[in-house]
Amino acid sequence: MPWFVIYTKPRNEKKVAERLEKLGIIVYCPIVTQIKQWSDRKKKVQIPLFNSYLFVCLEDYERQNVFQVSGVVRYLFWLGKPAEVRNEEIEILKESLKGVMSSVEVTSISTGDILNIPSGPFKGKEGIVKHINKNSLQLILKELGFLITLTKEEIL
């Protein structure tokens, strides 16, 4: 069975994944652990790797079943057809998320530089530095067409 990509309402990925599983649909929501800092404490939180996106594995004729769940907006389309992800790609993503994300020491970065990501879910991918803030930087992953933000903790 192929994997399809569905778009959810913002910050509804985990809830939608749970509801789809209750319907008997095979769903994958890649989760990463981040350390969030508030004024009084730090806490490890689990957040979806891709904001507002989930992967569902079902037959083409069953695709309408996902709309029984509130929070599902639509399927992601590519070239006029629902976007399909190969099973091998899902397995690679699952394997890469099992590893421990190590910190990387950064010396000097400027906009337009090409960075190779040494660890984590995007290990081995190259990205172009789009924007640099005091506590984060934005990378454009050429191969995947994604814009990701790395926080100060991930950069140092």
Side-chain angles (χ1 to χ4, degrees), residues 1-37 42-63 65-66 69 71-79 81-107 109 113-131 135-156:
M1 289 190 294
W3 287 88
F4 295 100
V5 183
I6 58 172
Y7 185 76
T8 66
K9 290 182 180 177
R11 298 180 183 242
N12 275 245
E13 303 89 350
K14 290 190 220 176
K15 293 176 193 170
V16 170
E18 289 174 13
R19 293 175 186 150
L20 288 171
E21 284 177 344
K22 286 182 182 177
L23 286 178
I25 295 173
I26 300 169
V27 63
Y28 178 53
C29 178
I31 301 287
V32 292
T33 302
Q34 278 190 345
I35 298 174
K36 295 281 186 178
Q37 180 160 354
K42 287 185 180 181
K43 184 177 180 181
K44 286 185 180 181
V45 293
Q46 292 188 329
I47 60 168
L49 180 62
F50 306 113
N51 293 333
S52 298
Y53 290 103
L54 291 177
F55 302 97
V56 291
C57 183
L58 38 79
E59 293 291 344
D60 198 38
Y61 65 88
E62 298 175 307
R63 284 190 314 114
N65 294 344
V66 299
V69 172
V72 174
V73 177
R74 62 180 170 80
Y75 279 95
L76 182 68
F77 279 76
W78 176 256
L79 299 175
K81 295 180 182 178
E84 288 187 20
V85 180
R86 295 180 311 203
N87 193 43
E88 298 83 36
E89 293 170 317
I90 296 293
E91 291 303 319
I92 290 170
L93 184 59
K94 286 179 181 180
E95 278 299 313
S96 67
L97 289 176
K98 285 182 184 176
V100 178
M101 199 177 278
S102 62
S103 62
V104 177
E105 189 170 325
V106 178
T107 53
I109 298 177
D113 285 353
I114 296 176
L115 293 179
N116 188 10
I117 302 172
S119 64
F122 299 109
K123 181 179 180 180
K125 305 288 186 225
E126 282 191 347
I128 300 172
V129 177
K130 179 181 179 187
H131 185 70
N135 294 323
S136 65
L137 66 83
Q138 291 182 334
L139 274 181
I140 300 171
L141 298 180
K142 301 182 294 185
E143 190 176 312
L144 301 174
F146 287 147
L147 175 70
I148 62 170
T149 302
L150 300 176
T151 62
K152 181 180 175 183
E153 291 83 19
E154 294 168 324
I155 296 168
L156 297 176

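Keep in mind the model is a prediction, meaning the values are calculated, not measured.
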Could you state the interatomic distance from CG (Leu20) to SG (Cys57), rounded to the nearest 0.5 Å?
12.5 Å
Considering only heavy atoms from C-beta outward, does the side chain of Ser52 approach that of Lys9 to under 4.5 Å?
no
Does any non-hydrogen side-chain atom of Met1 lie less than 4.5 Å from one of Ile26?
yes
Checking side chain to side chain contact (heavy atoms under 4.5 Å, CB included) for the pair Leu97/Ile31: CA distance, chi angles, key distance, verdict?
CA-CA 8 Å; Leu97 289 176; Ile31 301 287; over 6 Å; no
Just checking Lys14: does its NZ atom have more than 12 heavy atoms from other residues, nucleotides or ligands closer to it than 6.0 angstrom?
yes
Would you give the length of the straight line joining atom NZ of Lys81 to atom CG of Leu76, rounded to the nearest 0.5 angstrom?
15.0 Å
Do you know the tightest heavy-atom contact between Val73 and Thr8?
CG2-C, 3.6 Å
Mind checking the OH-OH spacing from Tyr7 to Tyr53? Nearest 0.5 Å is all I need.
6.0 Å
Is there a side chain to side chain contact (heavy atoms under 4.5 Å, CB included) between Val85 and Tyr28 once you walk through the steps?
CA-CA 12 Å; Val85 180; Tyr28 178 53; over 6 Å; no
Is the closest side-chain heavy-atom distance between Phe4 and Val66 below 4.5 Å?
no
When rounded to the nearest 0.5 angstrom, what is the spacing between SG in Cys29 and CD in Glu18?
9.5 Å
Can any side-chain N or O of Asn65 pair as donor or acceptor with the backbone N or O of Arg63 at less than 3.5 Å?
no
Enter the distance from Leu49:CG to Gln34:CD here, rounded to the nearest 0.5 Å.
9.5 Å
Would you say Lys94 and Ile90 make side-chain contact, with heavy atoms under 4.5 Å?
yes
Would you compute the distance between atom CD1 of Ile128 and atom CG of Leu147 and round it to the nearest 0.5 angstrom?
11.0 Å
Correct closest heavy-atom pair for Pro30 and Leu93 would be CG-CD2, 3.8 Å
